[in-house]
Amino acid sequence: MKSLTKILLSIPSIIGLVYIWTFINPKSIVWFSKNIVSYEFQSPIVNSLVLFQLGYLIFRLWSYKNIEKELKSEWTFLLIFFNVVTCLIYIWKKDDQFELMNQKLSS
């Protein structure tokens with residue numbers, strides 16, 4: 001995966017981490033908006049970005065033909081249920097490892 005693609009795919013997770021911070025520290029919501037109504041309008045946009053990111057990463061994960069299904073299933077589970085953190089780990093570390101594993105096993 002190219003660096004620009006990695007950066008673009010990391011944006012939804014970073015925004016998600018910031019949104020999680022607003023649940024931990026509710027006073028920080030003022031950083032996004034002055035009232036809750038505009039915050040509620042932002043949430044569907046952020047969720048759609050995260051779903052697009054998740055769909056692309058799962059599609060990319062399952063496109064590797066020479067990797068065991070158990071490993072792909074584990075990472076699919078992690079990507080779905082621990083999305084914000086796991087997507088960043090997958091994007092910046094695991095995807096390159098899976099690509100190398102796929103090439104080695106196909107040779």
Side-chain angles (χ1 to χ4, degrees):
M1 194 181 317
K2 296 180 182 177
S3 294
L4 180 62
T5 308
K6 288 181 179 183
I7 292 169
L8 289 175
L9 285 173
S10 297
I11 291 171
S13 290
I14 293 169
I15 293 171
L17 285 171
V18 171
Y19 265 71
I20 287 173
W21 180 254
T22 62
F23 292 116
I24 296 170
N25 185 8
K27 292 180 183 178
S28 65
I29 199 170
V30 176
W31 187 69
F32 287 111
S33 61
K34 303 229 185 278
N35 59 18
I36 195 73
V37 175
S38 60
Y39 182 78
E40 289 175 355
F41 287 129
Q42 293 171 3
S43 294
I45 295 169
V46 172
N47 287 335
S48 63
L49 287 173
V50 168
L51 288 175
F52 174 75
Q53 172 200 38
L54 184 63
Y56 179 78
L57 292 178
I58 289 174
F59 173 77
R60 185 164 172 86
L61 173 65
W62 283 90
S63 68
Y64 297 125
K65 301 295 181 195
N66 297 325
I67 296 176
E68 298 174 10
K69 285 188 178 184
E70 290 178 7
L71 187 59
K72 290 193 270 188
S73 298
E74 288 174 13
W75 271 97
T76 302
F77 175 80
L78 290 172
L79 286 171
I80 291 172
F81 290 105
F82 304 104
N83 180 286
V84 177
V85 176
T86 310
C87 282
L88 291 173
I89 294 169
Y90 179 83
I91 291 168
W92 291 98
K93 185 175 180 182
K94 282 302 202 180
D95 188 65
D96 294 334
Q97 291 177 356
F98 286 154
E99 199 169 330
L100 286 173
M101 284 173 52
N102 192 45
Q103 289 174 357
K104 285 180 183 177
L105 292 174
S106 65
S107 300

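Heavy-atom basis, side chains included; hydrogens, waters and symmetry copies ignored.
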I'd like to know if [Y] and [X] are part of one continuous hydrophobic network [Ile/Leu/Val/Met/Phe/Trp/Tyr, side-chain heavy atoms within less than 4.5 Å].
X   : Y   : answer
I15 : L4  : yes
V85 : F77 : yes
I20 : V50 : no
L79 : W62 : yes

Derivation and outcome, side-chain contact (heavy atoms from CB on, under 4.5 Å), residues Y19 and V84: CA-CA 10 Å; Y19 265 71; V84 177; over 6 Å; no
Least distance between heavy atoms, L9 atom then Q53 atom: O-NE2, 2.6 Å
Nearest heavy-atom neighbours spanning N66 and N102: N-OD1, 3.0 Å
Side-chain heavy atoms of P12 within contact of V46, under 4.5 Å: no
Check: N83/Y90 side-chain N/O donor and acceptor closer than 3.5 Å: no
Let me confirm one number: the [atom1]-[atom2] distance from [X] to [Y], rounded to the nearest 0.5 Å.
X   : Y    : atom1 : atom2 : value
F81 : T86  : CZ    : OG1   : 11.5 Å
S63 : K72  : OG    : NZ    : 8.0 Å
Y64 : Q103 : OH    : CD    : 8.5 Å
M1  : L57  : CE    : CG    : 6.0 Å
I67 : E99  : CD1   : CD    : 9.5 Å
L54 : T76  : CG    : OG1   : 9.0 Å

With sequence neighbours excluded, residues passing side chain to side chain contact (heavy atoms under 4.5 Å, CB included) with S10: I14, L88, I91, W92
side-chain contact (heavy atoms from CB on, under 4.5 Å) partner of W75, chosen from I58, I80, I89: I89
Parallel, tilted or perpendicular: ring planes of Y56 versus F52, cut at 30 and 60 degrees: parallel
